[in-house]
Amino acid sequence: MPNSSLQSRPVRVRFAPSPTGDLHVGNIRTALFDWAYARHTGGTFIFRIEDTDTDRVTDEYIQAAIDTLKWLGLNWDEGPEVGGEFGPYLQSQRLDKYAYWAAKFLEDGFAYHCYCSADELEAVREAQRKANVAPGYNGHCRSLTSDQIAAFVADGRKPVVRMRMPDGSTTFTDLIRGEVTFDHNFVPDFVLVRADGSPLYTLAVAVDDVMMKVTHVLRGEDLLSSTPRQIRVYQAMGIPEAEFPLFAHLPFVMGQDNAKLSKRNGEVSIAWYRERGFLPEAICNYLALLGWSPGEDREDVSMKELTELFTVERVHSSPARFDMKKLEAINGDKIRALTPEEFLNRSLPFLKDAKVVTGSDEEIALLKKALPIIQERVATLAEIPAMLKFLFVSEFEVDQDSLPKISDPESKKLLQVAFDRLQSVSEWNHDSIEAVLRTALIEEMGLKPRIAFSAVRIAVTGSHISPPLFESMELLGRESSLSRIKSSI
RNA sequence: GGCCCCGUCGUCUAGCGGCCUAGGACUCUGGCUUCUCAAGUCAGCUACGAGGGUUCGAAUCCCUUCGGGGCUACCA
């Protein structure tokens with residue numbers, strides 16, 4: 001199929017979700033590739049909402065989709081909130097356009113009214129299944145006489161508009177899969193407009209892609225088999241073949257059990273990852289590696305690098321499984337790469353939500369000193385509150401599961417020694433704290449470091465897992481550190 | 001069932017006829033480091049679904065087969 005003329009057209013890519021729920025991992029991977037392709041080619045990224053199924057799409061989900069894309073940094077050039085010369089970008093606001101084309105198709109003979117009822121259609125399908133033949137509309141209403149139509153109308157039946165698929169086949173070149181052909185024997189006449197007059201996806205998507213001058217359609221693999229239907233609509237609209245968009249069907253993102261990702265086999269909503277303390281750039285970096293790779297054993301890519309490196313040619317044709325462990329690893333890498341300022345800014349909302357801090361100047365000052373010692377210790381931002389809580393609590397208590405570890409006589413004795421000797425520390429900083437404790441507990445008492453410091457750690461931080469002990473004590477301050485040790489004795 | 005897509009370590013991938021006794025990353029196992037947890041570091045485990053071709057030579061090309069997935073709506 002010739003399409004060389006497209007090279008001269010400016011690239012226009014769209015991400016067109018149907019927000020029937022929170023945007024999920026698969027949607028976002030598609031959005032990311034759409035965005036990266038547009039940016040890589042210097043083209044236009046269009047964000048369009050496919051809300052023709054008004055029963056399932058809500059304003060709330062639409063807003064959530066907008067927020068999610070923004071949060072991820074996938075900025076669009078045309079679409080909701082920013083507008084554009086081919087708007088509106090909500091299909092529910094474009095109904096007149098679909099109605100126009102549906103009427104035109106009827107008039108030109110590309111489409112026809114179908115009066116079959118849902119029950120009748122189901123009966124046909126059932127029979128086809130039994131007879132083991134290709135399922136699909138049987139063409140019952142393709143050429144009704146005016147008498148037949150009159151009878152249906154008199155009967156009170158409301159027709160749908162159905163597209164007439166001609167004999168033959170449709171072949172197109174998928175940018176990822178190569179040449180794909182569908183025999184029209186397996187592409188039944190499909191519905192364009194419901195009996196209530198509302199348009200279906202198949203009509204709206206094709207009309208909009210043409211009207212918005214979309215040049216490249218990068219979308220999920222589940223839409224592959226609907227492509228010949230869209231092409232049929234282009235043809236009916238009278239669009240020259242050279243102006244058809246180019247298609248690229250992206251492989252699925254699968255869940256752990258090798259089924260299409262869903263709530264059953266892992267959390268899929270991006271909002272969930274956001275709350276769990278994942279960085280948007282980590283999510284994008286990880287998702288970019290699902291079905292694509294920059295090659296050369298490279299894995300760490302920034303958003304900017306992604307736009308520089310991304311090409312559809314390097315997109316895989318096989319599905320990828322989502323691996324939370326790898327996402328966590330990348331998230332940890334991205335966190336470690338944050339500047340201290342960024343790390344503070346990203347951590348603060350989580351600390352506030354967990355009620356660890358309120359955001360006062362004193363708290364911020366302490367955080368600026370505390371955050372660097374935990375930055376390499378967390379894989380997600382959500383882990384931070386628990387790690388720093390001991391620095392901010394007013395009513396300190398040792399964790400229940402750690403308490404027994406310092407309740408024995410040996411521990412009490414050790415803590416008493418630590419308490420006594422720590423009194424003499426002139427300058428309260430981690431170096432002198434460490435020096436004093438090493439001398440008293442390791443050298444003089446002959447204890448093993450991990451035993452001795454573990455007890456002090458539990459007494460001071462309340463847990464057997466904490467940031468580095470001496471730094472923690474320095475930040476906590478002499479008074480609190482000593483009183484906590486004292487109360488454990 | 002029919003049509004279509006897909007098939008390299010457990011997972012994500014590199015590979016596009018000789019550079020492959022198949023490389024990297026995550027996970028896992030073991031070691032080092034070490035005040036805990038991490039981080040870092042070293043090593044190890046483990047793959048071309050199977051069977052036929054084509055070729056001097058195949059993970060790479062072709063066929064068959066098996067396996068996985070999608071579609072099969074007045075959903076998208």
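Chain naming here is simple, since letters A, B, ... match the order of the sequence lines and numbering starts at 1 in each.
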Check whether the side chains of [X] and [Y] place a donor and an acceptor atom closer than 3.5 Å, and report yes or no.
{"X": "A/Thr380", "Y": "A/Asn331", "result": "no"}
{"X": "A/His249", "Y": "A/Glu221", "result": "no"}
{"X": "A/Asp183", "Y": "A/Asn185", "result": "yes"}
{"X": "A/Ser411", "Y": "A/Asp408", "result": "yes"}

Atom pairs, protein N/O to nucleotides 25-28 of chain B N/O, distance under 3.5 Å:
unit_1, atom_1, unit_2, atom_2, d
B/rA25, O2', A/Glu299, OE1, 2.6
B/rA25, O2', A/Lys326, NZ, 2.7
B/rA25, N3, A/Lys326, NZ, 3.2
B/rC26, O2', A/Lys326, N, 3.4

**Request:** Report the C-alpha distance between A/Phe47 and A/Tyr89 in whole Å, list the side-chain angles of each, state the deciding distance to 0.1 Å, and finish with yes or no for ring pair (Phe, Tyr, Trp, His ring centres under 6.0 Å).
**Result:** CA-CA 7 Å; A/Phe47 181 21; A/Tyr89 294 88; 9.4 Å; no
**Message:** Please identify which of these residues, A/Asp209, A/Asp34, A/Leu175, A/Val312, meets the side-chain contact (heavy atoms from CB on, under 4.5 Å) condition with A/His216.
**Reply:** A/Leu175
Counterpart base for [N], defined by Watson-Crick or G-U wobble contacts under 3.5 Å:
{"N": "B/rG7", "answer": "B/rC66"}
{"N": "B/rA14", "answer": "none"}
{"N": "B/rC20", "answer": "none"}
{"N": "B/rG44", "answer": "B/rC28"}

**Asked** Can you name the side chain to side chain contact (heavy atoms under 4.5 Å, CB included) partners of A/Asp333, sequence neighbours left out?
**Response** A/Arg336
**Asked** Quick one: side chain to side chain contact (heavy atoms under 4.5 Å, CB included) partners of A/His140, sequence neighbours excluded?
**Response** A/Cys116, A/Tyr137, A/Asn138, A/Phe152
**Message:** Is the terminal nitrogen or CZ of A/Arg229 (NZ for Lys, CZ for Arg) located under 6.0 angstrom from the six-membered ring centre of A/Phe190 and within 45° of that ring's axis?
**Reply:** yes
**Asked** Can a cation-pi geometry be assigned to A/Arg484 and A/Phe396, taking NZ or CZ under 6.0 Å from the six-membered ring centre and within 45° of the ring axis?
**Response** yes
Between [X] and [Y], does any side-chain N to carboxylate O distance fall below 4.0 Å?
{"X": "A/Glu383", "Y": "A/Arg377", "value": "no"}
{"X": "A/Glu342", "Y": "A/Lys334", "value": "no"}
{"X": "A/Glu50", "Y": "A/Arg94", "value": "no"}
{"X": "A/Arg125", "Y": "A/Glu122", "value": "yes"}

Taking N or O atoms only and anything under 3.5 Å, show me the protein contacts with nucleotides 18-22 of chain B, one pair per line.
none

Just the atom pairs and distances: protein N or O near nucleotides 34-36 of chain B's N or O, under 3.5 Å.
unit_1, atom_1, unit_2, atom_2, d
B/rC35, OP1, A/Arg438, NH2, 2.5
B/rC35, O2', A/Arg457, NH2, 2.9
B/rC35, O2, A/Arg457, NH2, 2.4
B/rC35, N3, A/Leu469, N, 3.3
B/rU36, OP1, A/Arg450, NH1, 3.4
B/rU36, O2', A/His464, O, 2.9
B/rU36, N1, A/Arg457, NH2, 3.3
B/rU36, O2, A/Ser466, N, 2.8
B/rU36, O2, A/Ser466, O, 2.9
B/rU36, N3, A/Arg457, NH1, 3.4
B/rU36, N3, A/Ser466, O, 2.6
B/rU36, O4, A/Arg377, NH2, 3.2
B/rU36, O4, A/Pro468, N, 3.3

**Contact residues, residues 114-121 of chain A to RNA chain B [heavy atom, < 4.0 Å]** = A/Cys116, A/Leu121
**Request:** Go through residues 277-290 of chain A and report each residue with a non-hydrogen atom lying under 4.0 Å from RNA chain B, sorted by number.
**Result:** A/Leu289, A/Leu290
For nucleotides [N] and [M], find the distance between their [atom1] atoms and express it as a whole number of Å.
{"N": "B/rG15", "M": "B/rC28", "atom1": "C1'", "answer": "25 Å"}
{"N": "B/rU60", "M": "B/rG53", "atom1": "C1'", "answer": "15 Å"}
{"N": "B/rC6", "M": "B/rG23", "atom1": "P", "answer": "27 Å"}
{"N": "B/rU33", "M": "B/rC42", "atom1": "C1'", "answer": "11 Å"}
{"N": "B/rC4", "M": "B/rA14", "atom1": "C1'", "answer": "28 Å"}
{"N": "B/rC19", "M": "B/rC32", "atom1": "C1'", "answer": "34 Å"}
{"N": "B/rU8", "M": "B/rC16", "atom1": "C1'", "answer": "13 Å"}
{"N": "B/rU27", "M": "B/rC9", "atom1": "C1'", "answer": "12 Å"}

**Message:** Rounding to an integer number of Å, can you tell me how far A/Tyr137 OH sits from B/rC74 P?
**Reply:** 10 Å
**Prompt:** If you check every side-chain atom of A/Arg321, which of B/rU11, B/rA14, B/rC75 has the closest atom?
**Reply:** B/rU11
Under 3.5 Å, N/O pairs linking protein and nucleotides 3-8 of chain B:
unit_1, atom_1, unit_2, atom_2, d
B/rC5, O2', A/Arg177, NH1, 2.4

**Message:** On RNA chain B, does the nearest nucleotide to A/Arg298 precede the nearest nucleotide to A/Pro199 from the 5' side, or the other way round? Give the residue.
**Reply:** A/Arg298
Would you indicate whether the side-chain heavy atoms of [Y] and [X] approach each other to under 4.5 Å?
{"X": "A/Phe110", "Y": "A/Leu192", "value": "no"}
{"X": "A/Arg177", "Y": "A/Pro251", "value": "yes"}
{"X": "A/Phe244", "Y": "A/Ile231", "value": "yes"}
{"X": "A/Leu289", "Y": "A/Ile330", "value": "yes"}
{"X": "A/Arg164", "Y": "A/Tyr112", "value": "yes"}

**Fill in**
In short, side-chain hydrogen bond (donor to acceptor under 3.5 Å, both in side chains) pairs touching residues 195-205 of chain A with sequence neighbours left out are A/Arg194-A/Ser198, A/Asp196-A/Ser198, A/Tyr201-A/Arg219
Tell me which donor-acceptor pairs under 3.5 Å the side chains of residues 450-461 of chain A have, and how far apart each pair is, sequence neighbours excluded?
unit_1, atom_1, unit_2, atom_2, d
A/Arg457, NH1, A/Ser466, OG, 2.8
A/Arg457, NH1, A/Pro467, O, 3.4
A/Thr461, OG1, A/Arg457, O, 2.8
A/Thr461, OG1, A/Ser463, N, 3.3
A/Thr461, OG1, A/Ser463, O, 3.1

**Prompt:** Using the ring of each side chain (for Trp, its six-membered ring), is A/Phe182 parallel, tilted or perpendicular to A/Phe172, with breaks at 30° and 60°?
**Reply:** parallel
**Asked** Can you tell me if the side-chain N/O atoms of A/Thr52 get under 4.0 Å from OP1 or OP2 in B/rA76?
**Response** yes
**Message:** So, OP1 or OP2 of B/rC74: does either fall under 4.0 Å of a side-chain N or O from A/Arg125?
**Reply:** yes
Contact list (N/O, under 3.5 angstrom) for nucleotides 42-47 of chain B vs protein:
none

Using a cutoff of under 3.5 Å, can you pull out all pairs of nitrogen or oxygen atoms linking the protein to nucleotides 64-66 of chain B, with atom names and distances?
none

**Prompt:** Does A/Ser269 offer a backbone N or O that forms a donor-acceptor pair with the side chain of A/Asp22 under 3.5 Å?
**Reply:** no
